[in-house]
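Quick notes on the structure that follows.
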Amino acid sequence: MAGAAGKKFFDQLKSKEFRNYLASTHFWGPIANWGIPIAALADIKKDPSIISGKMTFALCLYSLVFMRFAWKVQPQNMLLFTCHFTNECAQITQGVRFIKYNFVDSKSDKQAELKS
């Protein structure tokens, strides 16, 4: 049974439709876009003082718009949707860190962190 499923999977990978998909902007556009969420995820461990609130907000809006686009376009582009969903999660995390650092933490906490 597993052999038949494996053969079907590899036959699908060899198909003309799959090769056409790999050569399309429906595939390469999202692949190129993955740089944004990867960078945002890498920045989660960095100091929150370097986070730009305006850019984080802009990237949240950008990803929301393109998630909707990826969902509505026919055929649906789930690779693009996943890319922007990941970016949305990363940007929301950065936004929470920005708000906490700039508006929640007290000034004395920030000064104590800078001294140590």
Side-chain angles (χ1 to χ4, degrees):
M1 189 75 162
K7 183 178 179 345
K8 185 177 178 181
F9 174 74
F10 285 111
D11 287 344
Q12 180 68 25
L13 289 179
K14 295 178 195 175
S15 72
K16 183 174 176 24
E17 291 82 16
F18 187 72
R19 287 192 312 267
N20 286 341
Y21 172 68
L22 288 179
S24 73
T25 56
H26 216 67
F27 175 76
W28 287 107
I31 293 299
N33 246 330
W34 270 101
I36 298 169
I38 289 170
L41 291 170
D43 286 349
I44 288 174
K45 295 288 184 183
K46 293 184 179 172
D47 189 89
S49 65
I50 64 171
I51 298 171
S52 166
K54 291 178 184 178
M55 182 56 82
T56 300
F57 181 69
L59 286 168
C60 279
L61 292 179
Y62 163 78
S63 282
L64 282 173
V65 167
F66 276 94
M67 276 194 302
R68 184 180 187 287
F69 170 79
W71 190 261
K72 293 289 188 178
V73 71
Q74 292 300 318
Q76 287 181 331
N77 192 336
M78 295 312 291
L79 185 57
L80 183 64
F81 182 87
T82 304
C83 172
H84 284 290
F85 179 79
T86 304
N87 189 49
E88 187 68 24
C89 293
Q91 296 303 329
I92 287 170
T93 301
Q94 292 292 73
V96 168
R97 292 179 68 225
F98 175 81
I99 290 167
K100 184 178 181 298
Y101 179 81
N102 288 290
F103 302 108
V104 176
D105 290 346
S106 69
K107 298 268 185 204
S108 61
D109 289 345
K110 283 191 231 174
Q111 289 172 351
E113 286 177 11
L114 291 174
K115 289 179 184 177
S116 56

For this session: Identify, with sequence neighbours excluded, every residue that meets side-chain hydrogen bond (donor to acceptor under 3.5 Å, both in side chains) alongside Thr82.
Result: none

Exercise. If you round to the nearest 0.5 Å, how far is CD1 of Ile31 from CG of Leu22?
Worked result: 9.0 Å

Problem set entry | Gap between atom NE2 of His84 and atom CD of Gln91 - 0.5 Å precision | 11.0 Å

Exercise. Heavy atoms, side chains only, cut-off 4.5 Å: are Leu79 and Trp34 in contact?
Worked result: yes

Seminar exercise, completed: For Lys16, the side chain to side chain contact (heavy atoms under 4.5 Å, CB included) test, sequence neighbours excluded, returns Arg19, Asn20

Exercise. Which other residues belong to the hydrophobic cluster containing Met67, where Ile, Leu, Val, Met, Phe, Trp and Tyr are joined when side-chain heavy atoms lie under 4.5 Å apart, directly or via other members?
Worked result: Leu64, Trp71, Met78, Phe81, Phe85

Exercise. Out of curiosity, does Leu80 fall in the hydrophobic cluster containing Phe27 (side-chain heavy atoms, cut-off under 4.5 Å, transitive links)?
Worked result: no

Seminar exercise, completed: Separation between CZ (Arg97) and NZ (Lys46), nearest 0.5 Å, reads 10.5 Å

Problem set entry | ILVMFWY cluster, Trp28 and Phe18 together (side-chain gap under 4.5 Å) | yes

Exercise. Can you name the side chain to side chain contact (heavy atoms under 4.5 Å, CB included) partners of Phe98, sequence neighbours left out?
Worked result: Ile51, Asn102, Phe103

Exercise. What residues form a ring-ring contact (aromatic ring centres under 6.0 Å, His included) with Phe57, not counting sequence neighbours?
Worked result: none

Exercise. Could you give the distance from CG (Asn87) to CD1 (Ile92), rounded to the nearest 0.5 Å?
Worked result: 9.5 Å

Seminar exercise, completed: For Glu88 and Cys60, the nearest pair of non-hydrogen atoms, with its separation, is OE1-O, 2.7 Å

Exercise. Would you say Asn77's side chain and Ala70's backbone share a donor-acceptor pair under 3.5 angstrom?
Worked result: no

Exercise. Sequence neighbours excluded, which residues qualify as side-chain hydrogen bond (donor to acceptor under 3.5 Å, both in side chains) partners of Tyr62?
Worked result: Asn33

Exercise. What heavy-atom pair brings Cys83 and Pro30 nearest, and what distance separates the two atoms?
Worked result: SG-O, 4.1 Å

Problem set entry | Side chains of Asp43 and Ile50 in contact at under 4.5 Å (non-hydrogen atoms) | no

